[in-house]
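Heads up: numbering here begins at 1 and tracks the sequence. Note that the structure is a prediction, hence the values are computed from the model and not measured.
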Amino acid sequence: QKELTIEQRLEVAATLKPHGLEALEAHYPNEINEENAPMWKAFCQQTGIRLLTVIPLLFWDEQFEFGSLSNPLAGPRKAAIDRTAAALALNTAMGTDFAVVWPGIDGYENGFGMDFAAARARFADGLAEAMDRSPGVRIAFEPKPYEPRGRILYGTTPEGILLGHQVEAKLKNPTNAALLQQGHSLVCMNPEVGHVLMGFEDLAYAFSWPLSEGRLAHSHWNSQPLGNYDQDLNVGVVSPELLEGLMYTLKMHSYEGYYGIDINPERMPVEVGLRISFDACRAAADRINGLDHEAV
């Protein structure tokens, strides 16, 4: 279909409010920025649909060809840190819940001669620097094992947990330090069903890691065969038993967050794909809530 403007996309989103759309996610600076933030605020006030997160766009620009926060070149890495800090500041200004960070361009194809430890350290140091420049914002880190890079840094759920511990140990801003001292996690996770399955992880077990540490800030929902490319199919159309296992794990941990629908419905209108996915989440939740927990 034709490319839609942000205003046109928001018009479509408003029609989905009666079907259950409660919040939106937007990338910085291509979808939301300091100039069009008033338009977003007006939309939220008029529709009751929240802006849930402002996401720094770290994976598309030509300058990030060799990585964003992990880039070995000083100029592009500084640009990535600056963009992340600016996105975090806009999260604060817009009253969001967290900032998703996805390192899609940080990785490698050829592992020979690659200084993996240095690349990971640059990424963790860069994220900590951005967080200290714009403090008080939770990160919802989204792992993905591969694509567009052959192998992405911190690509699996356990690696995301490890990154959280590494970055939090580097934070120095008094605001961040106080939040950590109070027991809050600042580097949390946003696992995506498709990404988890691309890495041949078990959904319920993988999500139990951030849940058990209080690090599940958000979740992205779709369907995906094991491995393969990132298909972003509608929720529940592949392996619905895995969906229900995940839903039951969320219930056991008393999860009350949003269901973030991350789909790419190439063969149907996006509104239809979203409504189908909303219904699939509700139906799975109803089945789980109808189980006899004591019998299980």
Using a strict 4.0 Å threshold on nitrogen-to-oxygen distance, state whether K17 and E11 make a salt bridge.
no
Does any non-hydrogen side-chain atom of T157 lie less than 4.5 Å from one of F207?
no
Close side-chain approach of P191 to H220, heavy-atom, < 4.5 Å:
no
State whether D279 and R275 are salt-bridged, where the test is any N-O pair (Lys NZ or Arg NE/NH1/NH2 against Asp/Glu carboxylate O) under 4.0 Å.
no
Check for me whether the distance between the ring centres of Y108 and F116 falls short of 6.0 Å.
yes
Give a yes or no on whether a salt bridge exists between R138 and D97, defined as a side-chain N under 4.0 angstrom from a carboxylate O.
no
So R83 and D61, salt bridge (Lys or Arg N to Asp or Glu O under 4.0 Å) or not? Walk me through it.
CA-CA 12 Å; R83 178 173 294 184; D61 298 30; 2.8 Å; yes
Does the plane of the ring in Y248 sit parallel, tilted or perpendicular to the ring in H293? Use 30° and 60° as the thresholds.
tilted
Looking at D230 and K144, is any side-chain nitrogen of the basic one under 4.0 Å from a carboxylate oxygen of the acidic one?
yes
Looking at residues at least two apart in the chain, or sitting in another chain, which of them share a side-chain hydrogen bond (donor to acceptor under 3.5 Å, both in side chains) with T96?
N91
To the nearest 0.5 Å, what is the distance between CD on E159 and CD1 on I161?
11.5 Å
Working to the nearest 0.5 angstrom, can you tell me the gap between I6 CD1 and E31 CD?
5.0 Å
Below 4.5 Å, heavy atoms only, C-beta onward: do L88 and M131 meet side chain to side chain?
yes
Determine whether more than 12 heavy atoms belonging to other residues, nucleotides or ligands lie under 6.0 Å from atom CD of Q181.
no
Return yes if a side-chain donor-acceptor contact under 3.5 Å exists between D132 and N176, otherwise no.
yes
What is the distance from atom CD1 of I32 to atom OG1 of T53, rounded to the nearest 0.5 Å?
9.5 Å
Under a 4.0 Å N-O cut-off, is there an ion pair linking E3 with R9?
yes
Heavy-atom distance under 4.5 Å between the side chains of L274 and L21, does that happen here?
no
Taking atom CH2 of W102 and atom CD1 of I55, what is their separation to the nearest 0.5 Å?
10.5 Å
How far apart are the C-alpha atoms of E25 and R50, what are their side-chain angles, what is the distance that settles it, and do they pass the salt bridge (Lys or Arg N to Asp or Glu O under 4.0 Å) test?
CA-CA 9 Å; E25 308 177 28; R50 294 190 59 210; over 6 Å; no
Between L197 and L246, is there a shared hydrophobic cluster once you connect ILVMFWY residues whose side-chain heavy atoms come closer than 4.5 Å?
yes
State the OG-CG distance between S219 and D262, to the nearest 0.5 angstrom.
10.5 Å
Test R151 against E109 for salt bridge (Lys or Arg N to Asp or Glu O under 4.0 Å), laying out the working first.
CA-CA 6 Å; R151 176 70 171 87; E109 284 71 46; over 6 Å; no
Under the criterion side-chain contact (heavy atoms from CB on, under 4.5 Å), I'd like the reasoning laid out for L211 against T249: C-alpha separation, chi angles, the key distance, then a yes or no.
CA-CA 9 Å; L211 281 164; T249 297; 3.9 Å; yes
Measure the spacing between CG of L242 and CD of Q224 and express it to the nearest 0.5 Å.
11.5 Å
Note, N71 side chain near K78 side chain (heavy atom, < 4.5 Å):
no
Starting from the C-alpha separation in whole Å, work towards a yes-or-no answer on salt bridge (Lys or Arg N to Asp or Glu O under 4.0 Å) for D286 and R282.
CA-CA 6 Å; D286 287 344; R282 290 194 189 98; over 6 Å; no
With a 4.0 Å cut-off on N to O distance, would you call R122 and E129 a salt bridge?
no
